[in-house]
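Read through the structure below, which is laid out as structure tokens, and then see the notes.
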Number of protein chains: 4
Amino acid sequence: MRADARRNRERLLEAAEKVFAERGTSAATEEVAKAAGVGVGTLFRHFTTKEALLEAVFRARMDAAADRMERLLAADDPGAAFREMFLGNVAESSRKSAYIEALAAAGIRVDVTSDATRPRIHATLEALLRRAQEAGAVRKDVDPDDVIALLVGAARAAEHAEGAGGGPAARTRAAEMVLDGLMR
Amino acid sequence: MRADARRNRERLLEAAEKVFAERGTSAATEEVAKAAGVGVGTLFRHFTTKEALLEAVFRARMDAAADRMERLLAADDPGAAFREMFLGNVAESSRKSAYIEALAAAGIRVDVTSDATRPRIHATLEALLRRAQEAGAVRKDVDPDDVIALLVGAARAAEHAEGAGGGPAARTRAAEMVLDGLMR
Amino acid sequence: MRADARRNRERLLEAAEKVFAERGTSAATEEVAKAAGVGVGTLFRHFTTKEALLEAVFRARMDAAADRMERLLAADDPGAAFREMFLGNVAESSRKSAYIEALAAAGIRVDVTSDATRPRIHATLEALLRRAQEAGAVRKDVDPDDVIALLVGAARAAEHAEGAGGGPAARTRAAEMVLDGLMR
Amino acid sequence: MRADARRNRERLLEAAEKVFAERGTSAATEEVAKAAGVGVGTLFRHFTTKEALLEAVFRARMDAAADRMERLLAADDPGAAFREMFLGNVAESSRKSAYIEALAAAGIRVDVTSDATRPRIHATLEALLRRAQEAGAVRKDVDPDDVIALLVGAARAAEHAEGAGGGPAARTRAAEMVLDGLMR
DNA sequence: TATGAATGAGACTTCATTCAT
DNA sequence: AATGAATGAAGTCTCATTCAT
């Protein structure tokens with residue numbers, strides 16, 4: 001891929017993230033193209049379909065999450081690392097659920113789609129969880145899938161709390177309460 | 001209102017709930033009308049706008065939730081009542097969040113809209129919460145708004161867990177874990 | 001026809017005249033029914049079609065015009081009578097053209113439709129015109145059809161002048177100027 | 001604008017003028033698109049709204065009228081120029097009034113809309129009128145607004161006369177009679 | 001390769017007309 | 001005979017996607 005093509009791809013991804021976050025995933029692709037400073041044609045050359053774009057944005061977020069989480073594997077305190085992982089993901093995931101829902105509505109199962117990131121996240125999460133459990137910081141009866149579900153839920157709770165008038169502080173508060181149920 | 005008109009309204013509400021749950025809130029109104037066995041015109045006579053329909057469905061769910069919660073006020077054990085309220089709402093609320101999001105995307109603040117149900121729910125929730133706290137079953141540092149945010153989050157977590165392959169059992173499991181953070 | 005039925009017909013005609021004048025002939029039939037205080041069903045029992053209603057309103061105006069004109073046949077001064085006829089018709093005809101246009105758009109030729117009023121108007125107009133011409137008050141080279149065309153034109157000019165900001169006085173002014181071309 | 005885009009815009013304008021003249025301004029936009037040989041989408045890309053299209057057609061006619069009138073400023077005989085201006089406008093304006101009415105019905109005041117053509121027309125008309133008055137060809141007591149109103153009325157009269165069976169000749173005849181009221 | 005004009009299916013909504021009550 | 005709920009064709013407009021420039 002030529003350098004300028006790669007650059008356009010990057011810009012489109014950023015623009016998409018911004019536009020979909022602000023106006024919802026039903027925003028027009030043309031808006032995304034405009035925000036990226038390119039024509040629609042270019043957008044469709046890079047992402048064959050609106051859903052492909054949505055998926056790419058979602059994956060980019062997942063990759064970033066995976067990176068963040070892997071960095072925490074090096075931490076000394078397993079409990080603190082787990083906590084930071086949880087809160088960090090909630091903080092970053094604000095509108096991520098919207099992508100999943102939009103894709104689900106289009107009949108695309110993100111979970112099922114072949115994806116190199118998924119197993120990577122799963123493995124990292126499992127390691128962080130196991131260590132925290134061995135250190136006695138997290139309940140023994142939860143598995144990685146539980147954590148993912150609660151992560152999704154905490155993100156949603158944070159979103160709601162913030163929207164209902166609690167402001168940014170409410171985001172953290174909701175996530176902390178969910179964490180309280182996991183960590184002992 | 002004539003008997004047949006009321007009956008159609010009821011049917012439309014049911015059809016809308018079903019169709020929007022199955023195909024997402026972006027399903028065509030015509031689909032809803034067809035599912036209800038009436039013409040589109042009838043749908044629009046009852047609900048002036050697609051958003052009005054979405055809102056009506058949302059309100060119907062809220063009313064049902066309020067009824068369920070009020071019934072629990074009569075329970076003997078405040079802790080069990082609170083627990084039941086929480087789990088019951090999660091069980092019923094599967095796609096409720098979708099309505100809120102669709103309405104929010106349309107610029108309609110359901111929270112702000114004048115609504116007799118909202119204060120009713122709030123008051124009931126507050127009573128259930130206070131009693132459970134006085135009985136020592138629930139943490140003292142949570143307020144009704146926290147409970148609502150966690151309810152929304154737990155519902156989302158349950159939805160995700162179920163979708164990710166956990167089956168119906170996973171729904172309850174996720175909600176229980178959130179509850180564990182609230183109840184002592 | 002029963003007395004109440006006739007009464008409804010009358011009310012509908014009045015309501016239609018008012019509603020169509022205020023909101024244009026594209027106003028909904030339901031609006032007319034509401035203004036008349038009856039259901040749409042009643043409206044359609046009396047007038048099989050929206051166009052039939054439009055036509056009835058148009059005819060009612062034509063009948064009124066015919067009455068006014070016939071009364072002028074008894075006047076002493078033929079010139080004054082002609083003048084009064086002309087200005088009177090312009091004054092009353094404000095939105096009449098709208099009916100004709102709406103009917104024309106629907107492919108209905110009002111002129112052609114069998115109508116007892118038309119020949120009556122034509123005859124009266126002819127008489128008024130001939131007398132005024134014989135009295136030397138009106139140009140000899142105009143025929144009844146010319147007068148009708150100029151009447152329609154003067155009404156339109158009056159409408160425009162009024163709408164353009166001239167106020168009610170401008171209505172008369174425009175009509176007078178057209179009359180000046182006819183009367184010597 | 002790209003060459004093909006400008007060409008389509010032109011085609012749309014022509015098609016709209018034709019379709020609206022033949023079937024009335026309530027003709028479907030889809031008809032206009034078909035007549036222009038383009039898709040509806042293209043029509044709406046060029047004219048955001050049906051009213052915008054109507055307005056554009058109206059303006060195009062006004063521009064053409066302004067051009068015709070300006071050309072007459074160079075004429076030798078002021079009276080003949082005024083006469084030609086009047087008859088020429090009536091000849092060309094057949095359905096123009098329909099646009100104004102459609103726009104008015106939609107709540108759009110064409111007169112008020114910022115428009116470079118309007119003052120241009122007004123100025124030209126004023127010059128033609130003043131010269132004709134100074135040459136003693138036109139009554140001294142009429143102002144440009146009167147002329148415009150009479151122009152609108154004469155056009156309407158011509159339209160009626162033609163429609164009532166007089167044929168094209170009747171158009172001129174009606175306009176001449178109105179002119180007779182203005183010119184001495 | 002990038003652009004943005006063109007496309008047309010499909011969405012929401014209105015309204016003349018019919019028909020059960 | 002009156003009512004007004006139901007109907008569905010038709011209208012306006014949007015938007016993902018294609019294609020000429």
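Because only heavy atoms are used, hydrogens play no part in the values below, and waters and symmetry mates are left out as well, while side chains stay in. Order of the sequence lines fixes the chain letters, A, B, ..., with proteins taken first and strands second; residue numbering starts at 1 for each chain.
- Protein atom CZ of D:Arg45 is 18 Å distant from nucleotide atom C1' of F:dT12, rounded to whole Å.
- Across all strands shown, E:dG10 forms a Watson-Crick or G-U wobble pair with F:dC13, both key distances being under 3.5 Å.
- With rounding to whole Å, B:Arg23 atom CZ is found 14 Å from E:dG10 atom P.
- Nucleotide F:dT7 holds its C1' atom 12 Å from the CD atom of B:Glu30, rounded to whole Å.
- Distance, C:Arg9 CZ to F:dA2 C1': 17 Å, rounded to whole Å.
- Look at B:Asn8 and you won't find any side-chain N or O under 4.0 angstrom from OP1 or OP2 of F:dA5.
- The CG-P distance, from B:Leu12 to F:dA6, rounds to 8 Å in whole Å.
- Mapped onto DNA chain E by nearest heavy atom, B:Ala27 and B:Asp4 fall at different nucleotides, with B:Ala27 at the one closer to the 5' end.
- By the 4.0 Å N-to-carboxylate-O rule, B:Arg59 lies close enough to B:Glu55 to be salt-bridged with it.
- For the atom pair NE2 (D:His46) and CG (D:Asn8), the distance works out to 5.0 Å, reported to the nearest 0.5 Å.
- If you run salt bridge (charged side-chain N to carboxylate O under 4.0 Å, His left out) between D:Asp4 and each of D:Arg2, D:Arg7, D:Arg6, only D:Arg2 comes through.
- OP1 or OP2 of F:dC13 has at least one side-chain nitrogen or oxygen of D:Thr49 nearer than 4.0 Å.
- In this structure, the nucleotide among F:dA16, E:dC12, E:dA6 sitting nearest to the side chain of D:Ala5 is E:dA6.
- The pairing partner recorded for F:dA2 is E:dT21, the criterion being a Watson-Crick or G-U wobble arrangement whose two distances lie under 3.5 angstrom.
- Of the residues in residues 33-42 of chain D, those lying under 4.0 Å from DNA chain E by heavy-atom distance are D:Val38, D:Gly39, D:Gly41, D:Thr42.
- Taking CG of C:Leu53 as the reference point, atom OG1 of C:Thr48 lies at 10.0 Å (rounded to 0.5 Å).
- Between the C1' atom of F:dA2 and the CZ atom of C:Arg6 lies a distance of 18 Å, rounded to the nearest Å.
- Following rounding to the nearest Å, A:Phe47 (CZ) and F:dA16 (P) show an atom-to-atom distance of 15 Å.
- Contact annotation: D:Arg2 does not reach the phosphate of F:dT21 (side-chain N/O to OP1 or OP2, under 4.0 Å).
- The nearest whole Å value for the distance from the CG atom in C:Leu43 to the P atom in E:dC19 is 17 Å.
- For B:Lys50 (side chain) and B:Ala28 (main-chain N/O), no donor-acceptor pair under 3.5 Å exists by modelled atom type.
- Rounding to the nearest 0.5 angstrom, the gap separating the CG atom in A:Leu54 from the OG1 atom in A:Thr25 is 5.5 Å.
- Distances were taken from every side-chain heavy atom of C:Phe44 (C-beta onward) to each of E:dT17, F:dT21, E:dC12; the shortest belongs to E:dT17.
- Not one side-chain nitrogen or oxygen of C:His46 sits closer than 4.0 Å to the OP1 or OP2 atom of F:dA1.
- Contact between the side-chain N/O atoms of D:Thr29 and the OP1/OP2 oxygens of F:dT12 is found at a separation under 4.0 Å.
- Going from atom CD of C:Glu14 over to atom NZ of C:Lys18 covers 10.0 Å, rounded to the nearest 0.5 Å.
- Paired with A:Glu17 under the rule salt bridge (charged side-chain N to carboxylate O under 4.0 Å, His left out), one option of A:Arg11, A:Arg61, A:Arg23 passes, and it is A:Arg61.
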